Amino acid sequence: MSARIPRMRGGVFACVVPGVPVDCRSELWMDGALMSEGKFIVFEGIDGSGTTTQSRFAAEWLRSEGLDVVETFEPTDRAVGRLIRLALSRQLPGREGEEVEAELFALLFAADRLDHMKGVIVPALERGRWVVSDRCYLSSFAYQSVGCELDWVRALNRHVRRADLTVLLDLGAQTAYQRFSVERKDHDVFETVEKMAAIRASYLRVADILEREGEQIVRIDASQAIDVVAAEVRDALAGLL
Ligand code: TMP
C-alpha cells in the first residue's frame, strides 16, 4: 500500500502516518513531523548583468507563490564580507591604494562564504525556508580562476552547499560596463572591460564544467529588457515548485 504525504510549500510541517514509507531525499524529520528542506537559488553574472535586480524580483515572485524566502548576497555584510568590500575598493587596512593578490581575494571570499553558509544559508534551508542569493561559489570559480588555478579555488570551496538552481545572467562585457558606468564612476578592481570579458568567458567555461557534473544552471540572455529577463527567470523557477 502506498500513501501520499501532504507536502506544503515553504517547509510547513506536514502530518506523518507512522509506518508509511516515504521517499524523502530532501525532507527532514523534526519532533515527529515531516518538514521539507528549502531550495537554494543563486544569481550569477558579471558586474552590470543584473544579479541584484533579478534576485529581488525572483524573491518577490517566490513569496507571491506562498514561499518563505530569505534574500541574501555575497560578499556579505558580515565581518569578512566587509573586509572584502574594502579590498575591492583598494582600501584594505594596511594595503590602502593597492590591489591585493588574486589568492588573497580567493581566500577572503571562501572565508566569507563559509561564514555565510553556517550563519545564514544552511540554517534557513534546514528550517524549510527558500534562500535566494545574489552571488555565491560560482562567482569565486569565475572571478578568482582568472588569477588563480580553478582547482585550488574549488578546493577552498569544497564544503559549500550546492545550489538547487543557478541562474547565470549572461551579458557582453562592453554592454555591462556601459550599464554600470552610467550609475557610478568609482570602479572596483574587477571593473575594466578587459577583465570583465575574461570573467565572462570564465563563467561560461566553469558553468559547462559544473553542468557536466550535474548542477542545474540556466543561462539567460541578460541583454534583453529587464521584464523579459524576469519572465525567463520565473519560468526557470517554476520548475522547482
Ligand atoms: P557585487 O558587485 O555583486 O556586490 O560583488 C562585488 C564584487 O566581488 C563583484 O565584482 C564580484 C566579485 N566577487 C568575486 O570576485 N568573487 C566572489 O566569490 C564573489 C561573491 C564576488
Side-chain angles (χ1 to χ4, degrees), residues 40-59 71-92 99-117 119-121 131-163 166-171 173 175-207 210 217 222:
F40 181 32
I41 296 149
V42 181
F43 283 79
E44 291 284 358
I46 60 173
D47 298 72
S49 62
T51 59
T52 305
T53 305
Q54 293 298 337
S55 56
R56 279 192 194 139
F57 286 164
E71 279 176 74
T72 189
F73 55 87
E74 292 187 10
T76 66
D77 56 4
R78 296 159 71 88
V80 186
R82 288 180 192 179
L83 278 181
I84 291 174
R85 297 221 180 256
L86 291 173
L88 286 168
S89 57
R90 301 179 183 84
Q91 282 165 21
L92 191 66
E99 183 169 326
V100 305
E101 300 74 13
E103 289 81 2
L104 182 50
F105 269 122
L107 291 163
L108 286 170
F109 280 114
D112 186 36
R113 184 157 306 120
L114 183 70
D115 178 52
H116 192 203
M117 286 282 159
V120 178
I121 296 173
V131 176
V132 175
S133 186
D134 177 1
R135 302 191 177 282
C136 195
Y137 55 88
L138 185 55
S139 283
S140 281
F141 297 173
Y143 280 75
Q144 275 64 63
S145 74
V146 171
C148 313
E149 275 188 14
L150 175 62
D151 285 348
W152 180 67
V153 179
R154 292 193 64 171
L156 293 178
N157 286 275
R158 70 168 179 265
H159 299 298
V160 300
R161 162 74 152 80
R162 292 309 181 94
T166 298
V167 178
L168 175 54
L169 300 173
D170 183 40
L171 187 62
T175 313
Y177 187 82
Q178 278 161 3
R179 273 194 193 172
F180 66 68
S181 296
V182 174
E183 288 160 24
R184 57 197 167 87
K185 50 180 192 324
D186 292 339
H187 292 157
D188 78 27
V189 297
F190 300 120
E191 293 175 347
T192 67
V193 177
E194 296 72 29
K195 285 184 186 172
M196 289 167 63
I199 294 162
R200 181 199 186 190
S202 178
Y203 259 120
L204 297 175
R205 180 174 75 92
V206 180
L210 296 190
I217 301 177

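Indexing begins at 1, ligand by ligand and atom by atom, following the structure's order. Starting from 1, each residue takes its place in the sequence as its number. Source: prediction; values computed, not measured.
With no hydrogens or angles considered, no side-chain donor-acceptor pair links Y177 and T192 at under 3.5 Å.
R162 is linked by a salt bridge (Lys or Arg N to Asp or Glu O under 4.0 Å) to E215, counting only residues two or more places apart in sequence or in another chain. L204 pairs by the side-chain contact (heavy atoms from CB on, under 4.5 Å) definition with L168, D170, R200, R219, not counting sequence neighbours.
Counting only residues at least two apart or on different chains, no salt bridge (charged side-chain N to carboxylate O under 4.0 Å, His left out) pair has a member in residues 47-59.
The aromatic rings of Y137 and F141 sit tilted relative to each other, their planes meeting at an angle between 30° and 60°.
Contacts of ligand 1 (protein heavy-atom distance under 4.0 Å) are D47, E74, P75, R85, L88, F109, R113, R135, S139, S140, Y143, Q144, D188, F190.
Looking at E44, its side chain does come within 3.5 Å of a backbone N or O of C136 through a donor-acceptor pair.
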